Amino acid sequence: MPELPEVETIRKDLEGAIVGAIITDIWTDTPKMLSPSFKSVKAESVGKKIVAVKRRAKVLMIDLEGGKCLLIHLKLSGRILLRKPLTKEDIYTHIKIILKLKDGSPLEFRFCDLRKFGYVKLANDEELKKVREGLGPEPLDDLTLEYFQKTLAKSGKPVKTLLMDQEKFSGIGNIYANEAFFAAKVLPMRPAKSLSAEESEKLFNGVSKVIKEGLDNRGTTAKDDFYLDAFGRAGNNESNLKVYQKNGTDCLVCKGKIQRVNLGGRGTFFCPNCQH
DNA sequence: CGATTCGCCTGAGAGC
DNA sequence: TGCTCTCAGGCGAATC
């Protein structure tokens, strides 16, 4: 699923391809994916030039001339695909929203989403500020070890649940959370405050390591995963996964069996031998 | 106020 | 074979 490395990969693809383009029309067959409404998104976007493509946590931000912004969340199964109009290659892949673009030659920005959990939301400065402030610091950016350790020490929640709480830390989803705990040799179900300073530092470093690997490899396309970059290419990070969806297989380090449990409603994978 | 549960949605896989 | 049932999953909303 699209987490920080996947969304950032898409952002870079888009930045190189659509900044300067003008939105000439918007189509959808699922108006509920647009807010405040399809009508208002269309009215505020058509005719506007795209001036920047940014990202905060897992949210893509398409800045339009005039100050408004389109916030895009891919949730579980969303994809952004840039295609020439009339190409049929995506016709069976759940196209839900199309932004038609003109930048010398025409281009389609297709938002595909099997589960329809994703959204396109028109935001003004005030709403944008609210979104930015509601999200925690980002790994590899403004997340510090001091804040990380302090935040863990304050909570009795399972530490993995806390790590995926976007208000506390942002951009970390289920794949990278599981991998970070394996890298740190820490069990994800431990109460956050039970981690020693040494363990939380290992976890902090584990998060940085797996997020960086994900970015360097243009994201993870796992089994049952819909992630593709903006040009339709799969990510290259799957070979780095050590535990995610590996339940029942041998641990690569100790030859124990990887286990799966449910934690906060989410699949949680770990090696009971390597992680403590 | 914090913690838990629900709902959104679909296809894959299981069960019969 | 083919139908029905269950489940995953980010995250906002409702409820306990």
Side-chain angles (χ1 to χ4, degrees), chain A residues 1-8 10 28-38 55-61 71-80 90-97 111-123 127-128 130-136 138-139 151-181 188-193 207 211 214 219-228 238 241 243-248 258-270:
Chain A
M1 61 220 63
E3 305 179 27
L4 191 160
E6 290 74 31
V7 180
E8 178 62 16
I10 293 169
T28 187
D29 68 352
T30 315
K32 66 189 292 186
M33 287 175 67
L34 296 105
S35 72
S37 69
F38 172 53
R55 178 192 60 79
R56 177 78 174 90
K58 304 175 195 174
V59 183
L60 275 172
M61 303 172 150
L71 303 179
I72 299 180
H73 200 307
L74 303 173
K75 294 286 182 90
L76 302 175
S77 57
R79 287 173 173 164
I80 301 296
D90 305 320
I91 198 142
Y92 299 116
T93 61
H94 313 279
I95 304 172
K96 302 299 167 195
I97 299 166
F111 188 160
C112 307
D113 193 351
L114 183 146
R115 292 198 168 80
K116 306 181 199 175
F117 284 3
Y119 63 74
V120 173
K121 182 177 183 175
L122 181 74
E127 291 162 318
L128 201 56
K130 223 169 125 185
V131 170
R132 286 180 176 281
E133 289 175 354
L135 292 162
E138 302 216 7
T151 305
L152 262 56
K154 275 191 280 193
S155 173
K157 282 185 187 171
V159 57
K160 174 164 172 271
T161 304
L162 191 69
L163 192 62
M164 291 172 64
D165 181 342
Q166 301 297 301
E167 289 181 25
K168 304 289 194 304
F169 309 106
S170 69
I172 306 163
N174 206 27
I175 297 175
Y176 294 98
N178 279 295
E179 295 300 319
F181 281 97
M189 60 289 282
R190 296 252 312 269
K193 60 169 74 161
V207 168
I211 294 288
T220 302
T221 303
K223 289 187 278 297
D224 293 339
D225 185 12
F226 294 85
Y227 168 69
L228 295 175
E238 200 196 342
L241 301 185
V243 290
Y244 181 71
Q245 290 179 334
K246 306 269 187 198
N247 43 316
I258 303 300
Q259 288 190 15
R260 180 192 191 280
V261 295
N262 199 303
L263 195 63
R266 264 155 230 141
T268 300
F269 307 86
F270 62 97

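Remember, predicted model here, so these are calculated numbers, not experimental data. Convention: sequence-line order gives letters A, B, ...; per-chain numbering from 1.
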Chemist: Which sits closer to the 5' end of DNA chain B, Lys116(A) or Lys157(A), going by the nucleotide each is nearest to?
Modeler: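 Between the two, 5'-proximity favours Lys157(A).
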Chemist: Which pairs, protein N/O on one side and nucleotides 12-14 of chain B N/O on the other, fall under 3.5 Å?
Modeler:
none

Chemist: Just report the end-to-end axis angle for the helix from dG2(B)-dC16(C) to dC16(B)-dG2(C), five pairs per end, to 10 degrees.
Modeler: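 End-to-end axis angle for the helix from dG2(B)-dC16(C) to dC16(B)-dG2(C): 60°, rounded to 10°.
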Chemist: Considering residues at least two apart in sequence or located in another chain, which fulfil the side chain to side chain donor-acceptor pair (under 3.5 Å) criterion with Lys58(A)?
Modeler: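 Lys58(A): no side chain to side chain donor-acceptor pair (under 3.5 Å) contacts found.
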Chemist: Grab the CG-P distance between Leu34(A) and dC8(B) for me, whole Å please.
Modeler: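 Nearest whole value for this atom pair: 19 Å.
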Chemist: Rounded to the nearest 0.5 Å, how far does CE of Met61(A) lie from CD1 of Ile72(A)?
Modeler: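 Ile72(A) atom CD1 to Met61(A) atom CE measures 11.0 Å (nearest 0.5 Å).
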Chemist: Just to verify, what does Asp225(A) make a side chain to side chain donor-acceptor pair (under 3.5 Å) with, not counting sequence neighbours?
Modeler: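 Side chain to side chain donor-acceptor pair (under 3.5 Å) list for Asp225(A), sorted by chain: empty.
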Chemist: List the residues meeting side chain to side chain donor-acceptor pair (under 3.5 Å) with Thr220(A), not counting sequence neighbours, and say none if there are none.
Modeler: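 So Thr220(A) forms a side chain to side chain donor-acceptor pair (under 3.5 Å) with Tyr176(A), Asn237(A).
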Chemist: Please identify each residue that fulfils ring pair (Phe, Tyr, Trp, His ring centres under 6.0 Å) with Tyr119(A), with sequence neighbours left out.
Modeler: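 Only His73(A) meet the ring pair (Phe, Tyr, Trp, His ring centres under 6.0 Å) criterion with Tyr119(A).
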Chemist: Can you list everything that forms a side chain to side chain donor-acceptor pair (under 3.5 Å) with Thr28(A)? Sequence neighbours excluded, please.
Modeler: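 Scan of Thr28(A) (side chain to side chain donor-acceptor pair (under 3.5 Å), adjacent residues dropped) gives none.
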Chemist: Could I get the full list of salt bridge (Lys or Arg N to Asp or Glu O under 4.0 Å) partners for Arg56(A), not counting sequence neighbours?
Modeler: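 Residues passing salt bridge (Lys or Arg N to Asp or Glu O under 4.0 Å) with Arg56(A): Glu138(A).
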Chemist: Please report, rounded to the nearest Å, how far the P atom of dC9(B) is from the CZ atom of Phe226(A).
Modeler: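 Interatomic distance, CZ of Phe226(A) to P of dC9(B): 16 Å.
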Chemist: Mind checking salt bridge (Lys or Arg N to Asp or Glu O under 4.0 Å) for Lys168(A) and listing every partner two or more places apart, or none if nothing turns up?
Modeler: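 If we apply the salt bridge (Lys or Arg N to Asp or Glu O under 4.0 Å) test to Lys168(A), skipping adjacent residues, the hits are Asp165(A).
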Chemist: For a quick check, with a 4.0 angstrom heavy-atom cut-off, what is the B/S/- contact string for nucleotides 9-16 of chain C, read 5' to 3'?
Modeler: BBB-----
Chemist: Scan residues 29-38 of chain A for pairs that pass side chain to side chain donor-acceptor pair (under 3.5 Å), counting only residues two or more places apart or in two chains.
Modeler: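 The answer is Ser37(A)-Ser40(A).
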Chemist: State the CG-CD1 distance between Leu60(A) and Ile10(A), to the nearest 0.5 angstrom.
Modeler: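 Those atoms lie 6.5 Å apart.
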Chemist: Atom NZ of Lys154(A) and atom P of dG2(B): how far apart are they, to the nearest Å?
Modeler: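 The distance from NZ of Lys154(A) to P of dG2(B) comes to 12 Å, rounded to the nearest Å.
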Chemist: Taking any heavy-atom pair under 4.0 Å as a contact, classify Lys32(A): base, sugar-phosphate, or nothing.
Modeler: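 The residue Lys32(A) makes sugar-phosphate contact but no base contact.
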Chemist: Only counting residues at least two apart or in another chain, list the ones meeting side chain to side chain contact (heavy atoms under 4.5 Å, CB included) with Arg260(A).
Modeler: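 Checked Arg260(A) against side chain to side chain contact (heavy atoms under 4.5 Å, CB included); matches are Asn247(A), Phe269(A).
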